[in-house]
K.L.:
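Take a look at the following structure, please.
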Amino acid sequence: MITGACWKCLLLSFFFLRGSAQNFAQTRFICTSVPVDMDMCTSSMQNSGPNEDLKTTILQLRETVLQQKETIMNQKDTIRELTTKLARCDGQTLLEIPSNEPKTAAPGTRRKETGTSKNTMGDLSRTPTAETLLQLGQSLQSLKTRLENLEQYSRGNSSTQANSLKDLLQNKIDDLEKQVLSRVNNLEEGKLTQKNDTEQRGKIESTLTNLHQRITDLEKGQKETRPADKFQLTFPLRTNYMYAKVKKTLPEMYAFTVCMWLKSNASPGVGTPFSYAVPGQANELVLIEWGNNPMEILINDKVAKLPFVINDGKWHHICIAWTTRDGVWEAYQDGILRGNGENLAPYHPIKHQGVLVLGQEQDTLGGGFDATQAFVGELAHFNMWDRKLTVGEVYNLATCSNKALTGNVISWSENNIEIFGGATKWTFDACRQVN
């Protein structure tokens, strides 16, 4: 009787013979008795030493795969948890953006990149909390200075009502300073929530706006009594939209002297106090201190470096004189000759029919402003002559002598200046500030 084991052996032999008939003579067959309920492959491995090792390896690999699968599942859970937290953080960031700011870039436009974009429209709403506090402090200081100037000019014509209003404004400024200080302390202690922070900032900014308007109204009321040249321009932020424009253009000039009072502590570089552009030449006449470079005067794109140091937050009087003959130039700071040279655009007359801008550098006629080149600070008594002033004449201007001249090409007068983009114009007397 043929057992089950023999039948299995015969069947294996049959299939092997069918597939390899040509090698039958060299083939040997070994039959092994295998119980009916046992797998032939398992039986073969149990009877072989190398096969036993292979089985062990396979089992180890299978265990390793299971462990890796479990690790991957755990990592997926972790990734899912982190993704949820990140989405929550993104949601909070979007809530901090004011409602007038778009949350996504419009189709076909490029999102503004912090610190790289030249367009600074809306910088105030994107400003970090610490920088916002700094700007609030600067606004308070500016308002205090304006109030002090108002007090100086109203001493000779004071009234009970005027004094009462000034006291009220001073008290409001003091209250605002306390609010800003309290806000700083709360931020340092981490007590402010997002909602409270927004509400408090809104109250402070609203009060600042009202205070600014009331002081502006007072200053407007003084225009009838103060001299036309007793004012200054203020450019508090580095933007590409804040500037002043001189209504008059320049004639063709073969020599000039330009003088002004400047106050700035901007860094790096105070920016561009003024620029004069003509058709076909945006850099016909420019005074600029950009980045870490020294202040420069440009005439028809030719450059001379000037030995000015003015970004110390104090008022300084500067003058630059030039003549087309040999391109000779001189630079004065606070009435003292600081440097001179020659070969600056020699025999090139300053062209007429251009645009004279204060506070911005022009890349096109009357425009093309770059925020990184904007002037930050205060400017006053911008005067220009069509000749080189003498050393004595410059000294008289810097020391507020009663012999000081006014410009015969451009004279400093409120009627000659237009302001744009938030630049302010208010009462100022250089000699009272410096002396």
Side-chain angles (χ1 to χ4, degrees), residues 98 114-115 117-150 169 172-173 176-177 179-180 183-184 201 204-220 231-245 260-275 287-290 310-316 357-361 369-382 414 417-428 430 433:
T114 304
S117 174
K118 296 178 182 179
N119 186 359
T120 59
M121 297 294 288
D123 275 357
L124 288 177
S125 59
R126 294 173 183 253
T127 307
T129 303
E131 190 171 346
T132 301
L133 288 174
L134 177 60
Q135 291 179 359
L136 286 174
Q138 291 174 346
S139 298
L140 284 172
Q141 184 59 45
S142 175
L143 290 174
K144 288 181 68 175
T145 304
R146 292 169 69 180
L147 187 58
E148 290 170 0
N149 289 331
L150 285 171
L169 293 175
K172 281 184 172 291
I173 289 177
L176 281 171
E177 286 183 326
Q179 291 181 41
V180 172
R183 190 170 175 219
V184 171
R201 180 173 63 183
I204 293 175
E205 291 177 349
S206 176
T207 308
L208 275 174
T209 301
N210 294 334
L211 185 58
H212 169 79
Q213 186 60 48
R214 297 189 70 172
I215 291 180
T216 300
D217 292 340
L218 280 175
E219 290 169 345
K220 287 180 180 178
F231 74 101
Q232 72 172 51
L233 300 178
T234 300
F235 307 93
L237 301 173
R238 200 181 293 276
T239 72
N240 64 349
Y241 55 87
M242 192 178 294
Y243 67 101
K245 182 179 178 182
M260 70 202 78
W261 285 92
L262 293 176
K263 178 182 177 182
S264 178
N265 59 0
S267 179
V270 302
T272 308
F274 79 90
S275 64
L287 181 65
I288 183 172
E289 183 181 83
W290 187 22
I310 62 173
N311 62 337
D312 56 2
K314 300 178 181 179
W315 281 104
H316 293 283
V357 169
L358 305 179
Q360 294 284 354
E361 194 272 336
F369 303 146
D370 181 345
T372 64
Q373 298 175 332
F375 174 71
V376 180
E378 300 165 28
L379 183 152
H381 293 283
F382 182 93
E414 288 195 66
I417 305 294
E418 293 179 288
I419 58 176
F420 302 89
T424 58
K425 183 193 297 184
W426 46 281
T427 303
F428 171 77
Q433 295 289 333

K.L.:
State, with a plain yes or no, whether a side-chain heavy atom of Asn265 is found less than 4.5 Å away from one of Lys314.
P.N.:
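No, their side chains stay 4.5 Å or more apart.
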K.L.:
Which pair of heavy atoms, one from Thr234 and one from Glu378, lies closest together, and at what distance?
P.N.:
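Between these two residues, the closest heavy atoms are OG1-CG, 3.8 Å.
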K.L.:
CD/Glu289 to CD/Gln373 distance, rounded to the nearest 0.5 angstrom?
P.N.:
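With rounding to 0.5 Å, CD (Glu289) is 12.5 Å from CD (Gln373).
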K.L.:
Quick one: does Trp315's side chain get under 4.5 Å of Gln232's, heavy atoms only?
P.N.:
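Heavy-atom side-chain distance check passes, below 4.5 Å.
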K.L.:
With the side chain counted from C-beta on, respond yes when Pro236 and Val376 share a heavy-atom pair under 4.5 Å apart, and no when they do not.
P.N.:
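Not in contact.
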K.L.:
Could you pull out all residues at least two apart from Ala244 that satisfy side-chain contact (heavy atoms from CB on, under 4.5 Å)?
P.N.:
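side-chain contact (heavy atoms from CB on, under 4.5 Å) list for Ala244, sorted by chain: Leu233, Phe235, Leu358, Ile417, Ile419.
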K.L.:
Does the side chain of Tyr241 come within less than 4.5 Å of Phe420's, by heavy atoms?
P.N.:
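No; the side chains remain at least 4.5 Å from each other.
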K.L.:
Identify the heavy atoms of Gly421 and Met242 that sit nearest to each other, and give their distance.
P.N.:
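Reported closest heavy-atom pair: O-CE, 3.6 Å.
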K.L.:
Could you grab the distance from atom CZ of Phe231 to atom CD of Glu414, nearest 0.5 Å is fine?
P.N.:
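Separation between the atoms: 5.5 Å.
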K.L.:
Applying side-chain hydrogen bond (donor to acceptor under 3.5 Å, both in side chains), name anything that partners Thr272, two or more places apart in sequence or on another chain.
P.N.:
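Residues passing side-chain hydrogen bond (donor to acceptor under 3.5 Å, both in side chains) with Thr272: none at all.
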K.L.:
Closest heavy-atom contact between Arg238 and Ala371?
P.N.:
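So the minimum-distance heavy-atom pair works out to CG-O, 2.8 Å.
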K.L.:
Do the non-hydrogen side-chain atoms of Thr372 and Trp290 ever get within less than 4.5 Å of each other?
P.N.:
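Of all side-chain heavy-atom pairs linking Trp290 with Thr372, at least one is under 4.5 Å.
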K.L.:
Can you give me the closest heavy-atom contact between Pro273 and Leu262, atom names plus distance?
P.N.:
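It is CG-CD1, 3.9 Å.
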K.L.:
Taking the side chain as every heavy atom from C-beta outward, state whether His316 and Lys263 have any atom pair closer than 4.5 Å.
P.N.:
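Of all side-chain heavy-atom pairs linking Lys263 with His316, none is under 4.5 Å.
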K.L.:
Would you find a donor on one side and an acceptor on the other, under 3.5 Å apart, between the side chain of Gln360 and the backbone of Thr239?
P.N.:
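Yes; judged by distance alone, with no hydrogens or angles, the pair exists.
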K.L.:
Return the set of residues passing side-chain contact (heavy atoms from CB on, under 4.5 Å) with Ser264 (not counting sequence neighbours), or none when no residue passes.
P.N.:
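With neighbours one apart ignored, the set is Ala266, Val270, Phe375.
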K.L.:
Tell me, do Phe369 and Tyr243 make a side-chain contact under 4.5 Å, heavy atoms counted?
P.N.:
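Phe369 reaches Tyr243 side chain to side chain.
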